[in-house]
Amino acid sequence: MPADLAVIGLGPYGLPLAQAAVAAGIPTIGYRTGPEAGSLSAAEQRRMLAQGFRTTANAAELGRVRTAVICAPTPRGADGGLDLSQLEKAARTLAARLRPHTTVILESPVPPGTTEGPLLRLLESGSGLRAGRDFHLAHSPSRVDPGNRDFSPANTPKVIGGLTPACTESAAAFYGRITDKVVRARGLREAETVQLLETNFRHVNIALVNEMAALCHDLGIDLWDVLRCAETKPFGFQAFRPGPGVGGHTVPQDLTAHAGRTLRMAELAQEVNSRMPRYVVQRAAALLNEHGKSARGARVLLLGVTYKPDLADQQGAPAQEIAVRLMELGASVSYHDPHVPSWNVLDRPVPRADSLYEAAAEADLTVLLQQHRTYDLQGLSVKAQLLLDTRGATPTGAAHRL
C-alpha cells in the first residue's frame, strides 16, 4: 500500500492529524475537500513533506489505504446549524472507492446521530458495502487546539466510539499509534456528544465572564483583579477570560433538530458572545468621547485581527465586525498584525500599519484585540495616545481594560 492513512480535509482538523500521523511514522496522504485554511505554519508543512506526507487530487488513492479519516469543515450555515455539505461531498468521494476492511473515522464536528445516519447511508449506498460487517465505522471528536505548545495530539487523550465493538477497537488500534491514551465511548452518539459538551462548555463559560466584564465596568470593579483572586481557589473553579468575541472553527451547537429541544444555556451563551464586538465598539466610542473626541473622523488602530494569538487564522475573528461597526460610526480604521499581511473589510482593503509604535502614537485610539507574543505591551501602552485592552494583557493601570 502506498499509504496507511488518508486524511480527507486539510483544514483546521485534518492538517494537525496528518502532522501527528507522519510524526508517528504513519505513511499519510492528504485529500482536500475544498478551499481550506489550516493553522500550521509554512515551516511545519515543509517538515511534514520531508517526513513523507503528500497531498493528492487523485481520489482513487483513497481506496488504497487501511484507514480514512474525514476531517471536512462543518461551518455554521445560513440557518444557524452546521453546514454538512463538504462532509457529504467527502463521504461520496470516499464511498466510490471504499474497499472492504477499511476503517473509516469521522473527526468533523457534527450533530449527534450524523455518523450512524447520513454518513453511514452515504458510505453504504456509494460503496455497496455494509458498515460494521464489510468496513469499520467510528467517530472521534477532534481536540485540536491550534498554537497550544503544551498539548498536542500525542499527549491529548483521544475519544473513540464505533458502530460496533469491533469498529471501536479498529479505530483504537489506529489512534494508539498516535496518542498516549485512547478513551472508548459507549458508541457513536456518545463520542459525537463529547464534542457538543466540550464546545458548549467553553462558550458558556466565556459568555459568563463576558457578562461579568460588562457588569464590573458599570460598577467600577476591576474584573481582572477579581479573576486573579478567584483562580487561586484549588477546587470548583476554572478561570476563563473575557474578550472581544469568540472565534474559531468549532461553533456552539444545540440539539434542536435532533431531539426536539434546545440547549438553552448554549443559545444564551451564543447570544451573549455575539454581542461582544458591539460592546467593544461602544466602549471605544465612549473612551473617545471622554477624551473630547468623536468616533466620526477618529483614527482607530486595531491590533491583532486573527481569532487566536500567534496564528494567521481569521476564522470567526471578531475583528471583522468591530471594524465594520467602527466604520459605520465614521471612524478611519487601520490595523496591525504580524501574521496578516493584508486584510479586507466590506470587500475593501484596510490600511496596514508598518510601524506599530508610530501608528499607535498617531491613532486617536488603539484597540488590542489579540495578544500576539511579538507585541511589547509595556512599550505600546507608553506610545499609544489612548489604549483599550480587550484581553487584559497590559500591565495594571497602563490601559483601559474591557
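Remember, predicted model here, so these are calculated numbers, not experimental data.
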Once side chain to side chain donor-acceptor pair (under 3.5 Å) is applied, do any residues pair with Ser127, and if so which ones, sequence neighbours excluded? none
Minimum heavy-atom separation for Leu163 and Gly132, please, with both atom names. CD2-N, 3.9 Å
Is Val7 close to Ile29 at the side-chain level, that is, under 4.5 Å between some pair of heavy atoms? no
Any chance the side chains of Thr306 and Asp313 put a donor and an acceptor closer than 3.5 Å? no
From OG1 (Thr394) to NE2 (His400), nearest 0.5 Å: 10.0 Å
Pairs in or reaching into residues 158-183: which pass ring-ring contact (aromatic ring centres under 6.0 Å, His included), with residues at least two apart or in two chains? none
Residues at least two apart in sequence or cross-chain that pass ring-ring contact (aromatic ring centres under 6.0 Å, His included) with His372, listed by chain then number, are His339, Tyr375
Counting only heavy atoms not in Phe237, do more than 12 fall under 6.0 Å of its CZ? yes
Asp83 vs Ser85, side chain to side chain donor-acceptor pair (under 3.5 Å): CA-CA, chis, key distance, verdict: CA-CA 6 Å; Asp83 180 0; Ser85 59; 2.9 Å; yes
Gln238 backbone acceptor or donor facing Glu231 side chain under 3.5 Å: no
How about Arg189: does its CZ atom have over 12 heavy atoms from other parts shown lying under 6.0 Å from it? no
With sequence neighbours left out, the residues meeting side chain to side chain contact (heavy atoms under 4.5 Å, CB included) with Ser332 are none
Report yes if the side chains of Val209 and Leu227 come closer than 4.5 Å at any heavy-atom pair, otherwise no. yes
How far apart are the closest heavy atoms of Val305 and Asp337, and which atoms are they? N-OD2, 2.7 Å
With a 3.5 Å cut-off and sequence neighbours excluded, list the donor-acceptor pairs that the side chains of residues 355-362 form with protein atoms.
{"unit_1": "Ser355", "atom_1": "OG", "unit_2": "Glu358", "atom_2": "N", "d": "3.4"}
{"unit_1": "Tyr357", "atom_1": "OH", "unit_2": "Asp376", "atom_2": "OD2", "d": "2.8"}

Interatomic spacing from OG1 in Thr102 to CZ in Arg97 - rounded to 0.5 Å: 13.5 Å
Residue that, paired with Leu302, satisfies side-chain contact (heavy atoms from CB on, under 4.5 Å) out of Val350, Val345, Leu369: Leu369
Which heavy atom in Ala171 sits nearest to a heavy atom in Ile160, and how many Å separate them? CB-CG2, 3.5 Å
If I compare all heavy atoms of Glu271 with all of Ser274, which pair ends up nearest, and what's the gap? O-OG, 2.9 Å
Closest contact, heavy atoms only, Phe53 versus Val22: CB-CG1, 3.6 Å
Mind checking whether Phe135 and Val104 have side chains closer than 4.5 Å, heavy atoms only? yes
Assess whether atom CE of Met327 is packed by more than 12 heavy atoms of other residues, nucleotides or ligands within 6.0 Å. yes
Can you check whether Val110's main-chain N or O pairs, donor with acceptor, with Thr114's side chain at less than 3.5 Å? no
Is it true that Glu192 and Thr115 share a donor-acceptor pair across their side chains at a distance under 3.5 Å? yes
Min side-chain heavy-atom separation Pro242-Leu223 under 4.5 Å: yes
Mind checking the OG-CG spacing from Ser108 to Leu87? Nearest 0.5 Å is all I need. 5.0 Å
Step by step, would you call Glu61 with Arg54 a salt bridge (charged side-chain N to carboxylate O under 4.0 Å, His left out)? CA-CA 12 Å; Glu61 293 196 52; Arg54 62 184 178 85; 2.6 Å; yes
Under 3.5 Å, which donor-acceptor pairs do the side chains of residues 118-126 form with other protein atoms, sequence neighbours left out?
{"unit_1": "Glu124", "atom_1": "OE2", "unit_2": "Ala131", "atom_2": "N", "d": "2.9"}
{"unit_1": "Ser125", "atom_1": "OG", "unit_2": "Arg121", "atom_2": "O", "d": "2.8"}
{"unit_1": "Ser125", "atom_1": "OG", "unit_2": "Leu122", "atom_2": "O", "d": "3.3"}

In Å, rounded to the nearest 0.5 Å, how long is the span from CD of Gln270 to CZ of Arg275? 11.0 Å
When you look at Ser140 and Glu107, which way does the side chain to side chain donor-acceptor pair (under 3.5 Å) test go after all the steps? CA-CA 5 Å; Ser140 181; Glu107 280 209 9; 4.5 Å; no
Say whether, by atom type as modelled, one donor and one acceptor occur between the side chain of Asp134 and the main chain of Arg99 under 3.5 angstrom. no
For a quick test of reading the model, state the closest non-hydrogen atom pair linking Trp224 to Arg241 and the distance between them. CZ3-CD, 3.8 Å
Check whether any side-chain heavy atom of Asn273 sits under 4.5 Å from a side-chain heavy atom of Ile206, and report yes or no. yes
4.5 Å side-chain heavy-atom contact, Leu10 and Thr33: no
Evaluation steps, side-chain contact (heavy atoms from CB on, under 4.5 Å), between Leu388 and Thr366: CA-CA 6 Å; Leu388 174 60; Thr366 299; over 6 Å; no
State whether the side chain of Asp364 and the backbone N or O of Arg299 hold a donor-acceptor pair below 3.5 Å, judged by distance alone. yes
Salt bridge (charged side-chain N to carboxylate O under 4.0 Å, His left out), that's the test. Do Arg202 and Glu198 meet it? Break it down for me. CA-CA 6 Å; Arg202 171 175 172 256; Glu198 291 175 352; over 6 Å; no
Please check this pair: side chain of His291 against backbone of Leu287, looking for a donor-acceptor N/O pair closer than 3.5 Å. yes
Just by modelled atom types, is the Val340 backbone N or O under 3.5 Å from a matching donor or acceptor in the Arg352 side chain? yes
Does any N or O in the side chain of Thr179 come within less than 3.5 Å of the main-chain N or O of Gly176, such that one atom is a donor and the other an acceptor? no
Please walk me through it: do Arg184 and Glu169 pass salt bridge (charged side-chain N to carboxylate O under 4.0 Å, His left out)? CA-CA 9 Å; Arg184 292 163 175 81; Glu169 292 311 311; 2.8 Å; yes
Backbone N or O of Lys89 within a donor-acceptor pair of the Thr93 side chain at under 3.5 Å? yes
First locate atom CG of Leu326, then atom CZ of Arg296, and finally report the distance between them rounded to the nearest 0.5 Å. 12.5 Å
Would you please say whether a donor-acceptor pair under 3.5 Å links the side chains of Thr103 and Ser170? yes
Exam field: side chain Ser381 to backbone Gln378, donor-acceptor pair closer than 3.5 Å: yes
With the side chain counted from C-beta on, respond yes when Arg283 and His217 share a heavy-atom pair under 4.5 Å apart, and no when they do not. yes
Donor-acceptor check, side chain of Thr74 to backbone of Pro109, threshold 3.5 angstrom: yes or no? yes
Roughly how far apart are Glu211 CD and Tyr279 OH, rounded to 0.5 Å? 11.0 Å
